[in-house]
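Letters go in sequence order (proteins before strands), and every chain restarts at 1. Everything numeric here is computed off the predicted structure, so don't read it as measured data.
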Amino acid sequence: MVGRAIAVVVCRDGVLPSGGVDVFTAAGGCGVVVGTGARSAALQLSAEVVQVAESSLRCGQLTAALASVPSIISAHMIILPASPDGRDLAPSLAAALGRPLIPAATRIRHYENGLAEVVAVRSGGSVDHVHRVTVASVVTLLPGVGSRPGGSAPERARLEMLELDTQCPPGIDSVAIDAVRSVAVLPPDPETMDLTEARCIVAGGNGLVDGASSGRDRFDKLREVGTQIGASLGGTRVASDAGWIPFERQIGTTGAEVSPLVYLAFGISGATQHTSGLGLPDHIISVNTDPSCPMMTMSEVAIVADAYAVVESLHRLLSTRPERVVTP
Amino acid sequence: MDDVSLHRPLIAVSMKWVPLRQDVDPVSGVANVDDRFAGASPADHAALEVALRHAERVGADVVVACVGPPAADAMLREAITCGADRAIRIDPGGYEELPDSAEVAGALATLFGDLSSRSPKRLLLVCCGDWSLDRGSGSVPALLAHFLGVPHALGLVAVRWADAADRASLMECERRLDGGRREVLHVTGPAVVSMEGAVATLRRASLAGVLDARHSTIEVLSRPMHASVPGVTVERTGSHRPMPQHTARIAAENPRDRVASVLGVGTERKPPMRVTLDPDAAARLIHEHLLVWGLIQG
Amino acid sequence: MTTPQFDVVVVGAGPAGAAAALCAARLGRSVCLLERGPFPGSKNVYGGVIYGRILDELVPNWWDQVPVQRWITRRGTMMLTGHQSMCLDYRTTTWGAPPYNGFTAYRPDFDRWFADRAVDAGAVLVSSTTATGLVRNSRGIVCGVTTDRDGDLHAKVVIACDGVNSFLAKAAGMYPHQGKEHFTLGVKEVLSLPRAEIESRFAVRGNEGADFEIVGGTQGIAGGAFVYTNRDTVAIGAVLSLADLTTAKVRPEEVIAGLKAHPSIAPLVEGGELVEYAAHLIPEGGFDMMPQLVGDGLLVAGDAAAMCLAAGLWLEGVNYAMGSGMAAAEAAHEAITNHDTSRVGLASYPRRLEKSWVLIDHRKVRRAPHFLLSDRVQHRYPEIVCDALEALFTVRNPQPKQGLGAIARPLLKRSNVRIRDLVRDGRDAWKTYG
Ligand SMILES: Cc1cc2nc3c(=O)[nH]c(=O)nc-3n(C[C@H](O)[C@H](O)[C@H](O)COP(=O)(O)OP(=O)(O)OC[C@H]3O[C@@H](n4cnc5c(N)ncnc54)[C@H](O)[C@@H]3O)c2cc1C
Ligand SMILES: Cc1cc2nc3c(=O)[nH]c(=O)nc-3n(C[C@H](O)[C@H](O)[C@H](O)COP(=O)(O)OP(=O)(O)OC[C@H]3O[C@@H](n4cnc5c(N)ncnc54)[C@H](O)[C@@H]3O)c2cc1C
Ligand SMILES: Nc1ncnc2c1ncn2[C@@H]1O[C@H](COP(=O)(O)O)[C@@H](O)[C@H]1O
């Protein structure tokens with residue numbers, strides 16, 4: 001079955017990981033969903049054939065079980081999402097099957113004769129490597145390709161139940177497996193959430209600090225406002241360079257590429273290096289003293305005011321109001 | 001190979017020697033690496049610190065290993081300065097290209113396996129960074145776990161130790177899941193853990209330690225490796241381009257209408273609002289919009 | 001844990017520190033060289049033209065090993081007004097062959113190379129370690145330093161080579177001058193250009209290079225400017241009065257932008273891609289502002305001792321830093337041999353300096369800062385000279401050519417420069433530079 005690709009997605013409690021939809025698209029519609037609540041997770045896919053395996057196996061056991069599934073063994077390319085669970089599984093699956101691993105792909109192109117071209121990011125996201133692949137391989141795909149809602153309407157997939165071999169493979173004993181035990185899953189916390197996953201972002205720039213000596217305090221206040229409304233904190237390079245926010249919180253071409261639904265910009269001029277990392281938010285609010293800067297012109301609500309004064313007012317207002325954050 | 005101490009369990013740390021500063025040519029994507037600014041990444045430093053702290057709690061020896069060129073000795077020496085008992089460098093030869101991750105993991109697994117072969121319980125923990133800065137595949141730790149036949153806990157963002165004496169060897173760890181969720185894990189080992197740099201800051205060695213480390217020995221093993229695997233070749237490199245975003249299918253019949261709908265011509269659109277307000281009024285306006293957009297709820 | 005003990009601890013592995021460490025180690029002393037950066041030179045991005053003569057004594061045939069960008073064989077001295085320029089352009093092949101004169105180098109390369117020579121001689125280099133204070137014995141004599149690591153470092157003599165605004169000299173109360181007027185700001189941009197392009201624009205070949213020092217063109221801010229060539233980059237920068245910068249509210253980047261746009265400079269640097277921007281204080285004020293050089297158990301050398309010549313026609317610090325570092329090491333060696341590391345025992349340091357070219361040069365140009373930063377030299381002379389040359393060379397047929405005197409007099413008058421000033425400045429210039 002040369003040239004056939006298969007998606008492998010690990011789900012938890014019926015929730016697909018980010019990028020779960022993308023891998024099915026990249027694999028041409030066929031794949032395996034494995035995990036707890038696998039069936040309801042599979043129903044969220046628009047795909048052709050989905051093999052569903054209800055399972056709570058982890059680590060080595062899961063690898064061994066999957067490595068004996070015929071459709072996986074025969075696939076020319078196994079594509080997993082580069083989500084936490086996918087990144088966990090992919091290397092050992094590759095090793096168990098004796099196949100090369102190509103991690104962090106952004107584009108996969110299949111050719112007739114089993115050839116494939118895989119573009120993957122390296123060097124901390126600054127370089128693309130274009131791989132030519134002529135053998136059966138395992139690829140992890142970064143989330144973000146076509147995963148925004150509003151894509152083509154899901155077509156109901158054909159589901160096939162898959163029995164996994166839960167026999168412990170030789171070399172792995174159950175005591176060893178217990179050396180790492182999952183004890184809880186904590187709900188999202190916008191303060192610590194990866195920016196790239198945030199639904200709403202409050203961000204600040206040079207204008208939030210505007211020469212004041214207490215840049216960090218001001219960003220702390222903004223972070224608190226973010227917590228009040230369920231938004232994560234971000235900023236411009238000026239802010240990360242000055243140490244007001246850690247580097248992971250910088251948005252833009254040399255920072256994180258994000259795609260929030262709502263973006264609140266305080267004292268940000270909107271340089272292209274910044275806005276090109278912004279995705280296409282549905283709503284943007286901007287507070288700036290300069291009504292004609294790019295950030296203001298691209299905003300749905302552009303407020304001419306002192307950024308920090310507004311942040312303080314908003315903080316005060318929100319702490320006296322009964323509203324609560326809506327979790328999706 | 002001599003033994004540090006036979007009856008003490010062993011904690012291994014794998015540290016990669018990476019350029020900490022590199023310029024990427026925006027056109028060719030060729031990374032211009034400045035070797036002088038090279039060393040362990042913050043994540044690998046965190047791994048060493050966690051290993052040292054855990055070793056202090058359970059009374060274990062710490063071995064640090066690296067697959068890398070002779071220049072990496074400085075990094076290993078630093079690890080000894082900080083308290084590691086032993087440092088081993090596996091020299092892969094051919095320094096021009098980075099060795100394949102699976103081979104690196106294989107070599108490290110063999111080494112750690114050898115060190116603990118005398119007693120199966122000896123290898124307590126292997127600590128790694130989550131991603132290496134230069135290639136950043138994040139795959140070596142998972143491969144290591146696979147080759148060693150032990151479970152893994154990858155991408156940790158926090159590590160805590162239990163206070164109770166009878167649970168001294170239990171580490172409570174947190175790692176990222178999708179959608180901002182976190183998973184809490186209890187790790188007793190043997191296991192491979194990999195972590196982000198924020199987990200711990202490496203202690204600073206004392207001045208006397210730094211001076212002594214000049215005389216410490218780094219053991220070197222030679223194990224030639226390949227840069228790539230057959231069947232996968234890097235054809236070219238370029239600077240990173242963001243992924244294409246798929247948008248909804250456009251329903252329009254003819255090309256003109258399609259273009260118009262992509263550009264949003266003629267569609268009804270609320271004009272943007274541009275206002276000058278005092279801070280309190282501005283806050284109220286923002287608040288209203290957040291309610292309307294459904295981010296917060298009354 | 002026993003406290004590590006050395007004969008000499010040198011703080012800062014810049015040119016001054018490395019020279020001191022190298023020299024002390026050669027004299028048989030145990031030396032520890034402390035550097036706060038991950039390697040010597042990592043914090044020094046202000047590289048430039050280095051004059052190597054002083055190296056003859058320290059590293060024989062240094063030119064065979066030093067990490068050089070280009071050997072300077074062309075030295076231009078320029079005067080700029082808004083739209084004019086005058087250049088005294090000197091070229092020689094002598095400077096392009098051993099023993100050479102000056103060269104351009106990247107400081108991270110040069111400083112590392114130089115500190116490695118000290119290590120070869122037996123000095124112990126400890127990097128990523130910052131000296132945070134001085135340790136004194138019961139008699140108040142400095143006997144070591146504290147660092148940002150656990151444990152002190154003990155020494156018979158500490159040599160502070162920690163650069164401009166020396167923290168250690170200040171900690172010892174030896175650095176009275178801290179006002180704006182005592183520093184200038186050095187700013188520099190490094191622009192990348194193809195190697196062949198640099199060679200054609202500056203009319204140099206192979207590993208030859210050019211260095212232009214410039215008076216005027218700094219937007220009314222007192223100071224000077226420079227342009228020099230590396231292998232495949234061009235450095236352009238200025239040395240600017242801090243006081244002027246503050247009052248004029250001009251940003252240093254704007255001064256460089258102005259320079260780059262000047263019709264005589266633009267063709268040299270156009271199209272270069274910015275690879276580095278750096279700004280750094282330079283001790284200025286010359287001989288008269290040098291801090292006390294000797295304390296009990298403590299010597300100060302290099303920029304830390306304000307031994308930098310940043311006065312118009314010259315921008316030299318590296319060679320003075322090395323010279324003073326060597327003198328400090330010799331003085332320390334002698335004091336240790338005589339078992340007296342007090343201020344008195346170390347007193348041979350200033351004497352050595354006074355006899356050497358280091359202080360002779362500085363004394364000679366002690367007036368240079370006042371002279372060069374005077375309004376006449378900064379603004380009016382470049383205008384007068386350029387206007388005079390323009391009048392001289394502009395052909396106005398059928399009018400007859402004017403004599404120089406006839407050209408100069410109205411120009412002087414227009415710019416309010418009296419003959420008396422001219423004579424005085426001429427005398428000052430001769431005393432300073434002659
Ligand atoms: C190669 C390269 C890569 C880059 N990558 C990135 C990147 O990844 N991310 C990034 O963000 N930038 C990046 N930059 C930098 C980018 O070009 C801009 O310089 C930066 O985004 C500007 O940040 P800013 O908006 O905070 O600051 P500024 O541009 O200084 O804007 C401050 C804004 O605040 C307003 N303001 C001032 N005072 C107040 C006040 N009291 N109240 C309200 N508003 C006020 C001003 O009107 C102005 O609009 C990059 C640049 C280069 C050259
Ligand atoms: C823009 C500019 C251009 C210049 N161009 C030239 C030129 O073309 N030619 C020339 O000859 N000179 C030039 N100079 C001057 C020259 O750079 C200095 O005079 C020279 O570097 C002085 O050497 P130094 O060893 O005294 O100090 P530095 O080179 O400043 O070295 C001090 C060292 O001490 C370290 N250090 C500081 N504090 C501590 C501490 N507490 N603990 C441990 N280490 C510490 C620093 O990291 C540094 O490595 C220029 C200066 C500037 C700013
Ligand atoms: N060559 C190597 N030598 C030692 N450890 C390594 C090496 N390569 C990767 N590692 C470890 O694996 C982690 C993840 O690296 P990578 O899989 O390359 O992204 C690193 O942080 C190190 O802990």
Side-chain angles (χ1 to χ4, degrees), chain B residues 15-42 44-45 48-49 52 56 69-84 133-134 197 201-216 239, chain C residues 1-6 9 11 13 30-45 67 106-113 115-116 119 122-133 135 144-155 190 192 232-233 273-276:
Chain B
M15 295 180 83
K16 186 172 187 183
W17 186 76
V18 292
L20 297 172
R21 210 187 252 191
Q22 53 185 343
D23 263 352
V24 176
D25 184 307
V27 181
S28 68
V30 172
N32 193 352
V33 172
D34 191 338
D35 254 9
R36 293 168 306 193
F37 295 95
S41 67
D44 287 11
H45 274 156
L48 175 58
E49 180 63 28
L52 291 169
E56 281 158 12
D73 286 357
M75 171 189 83
L76 293 173
R77 201 156 273 131
E78 182 196 21
I80 291 190
T81 320
C82 292
L133 294 175
D134 51 351
T201 313
L202 181 59
R203 60 196 66 191
R204 261 177 90 62
S206 73
L207 202 56
V210 174
L211 291 167
D212 286 346
R214 286 180 304 129
H215 310 296
S216 54
S239 67
Chain C
M1 216 182 290
T2 55
T3 304
Q5 164 82 45
F6 290 87
V9 164
V11 178
S30 63
V31 183
C32 182
L33 178 57
L34 282 185
E35 169 56 45
R36 69 174 166 193
F39 65 87
S42 55
K43 306 256 166 176
N44 284 333
V45 283
Y106 291 144
R107 287 286 298 283
D109 299 337
F110 177 79
D111 285 13
R112 192 156 87 135
W113 169 81
D116 278 347
V119 172
V124 176
L125 173 66
V126 177
S127 41
S128 300
T129 306
T130 307
T132 52
V135 182
V145 292
T146 56
T147 68
D148 60 344
R149 295 183 185 274
D150 275 351
D152 297 348
L153 191 55
H154 283 179
V190 179
S192 122
D232 43 23
T233 59
E273 192 206 338
L274 180 67
V275 290
E276 182 181 280

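For the residue pair L207(B) and R149(C), the shortest heavy atom distance occurs at N-CB, 3.8 Å. The two atoms that bring R214(B) and V124(C) nearest to each other are NH1-CG2, 3.5 Å, heavy atoms only. Heavy atoms only, all atoms of each residue included: P4(C) and A208(B) are closest at CG-CA, 4.3 Å.
Interface remark: T129(C) contributes backbone and side-chain atoms alike to the contact with chain B (heavy atom separation under 4.5 Å). For D148(C), the parts lying under 4.5 angstrom from a heavy atom of chain B are both the backbone and the side chain. Contact of A74(B) with chain C is not made at all, since no heavy-atom distance falls under 4.5 Å.
The CG atom of D150(C) sits 11.0 Å away from atom CZ of R203(B), with the distance rounded to the nearest 0.5 Å.
By number of non-hydrogen pairs under 4.5 angstrom with chain B, the leading residue of D152(C), V275(C), L153(C) is L153(C).
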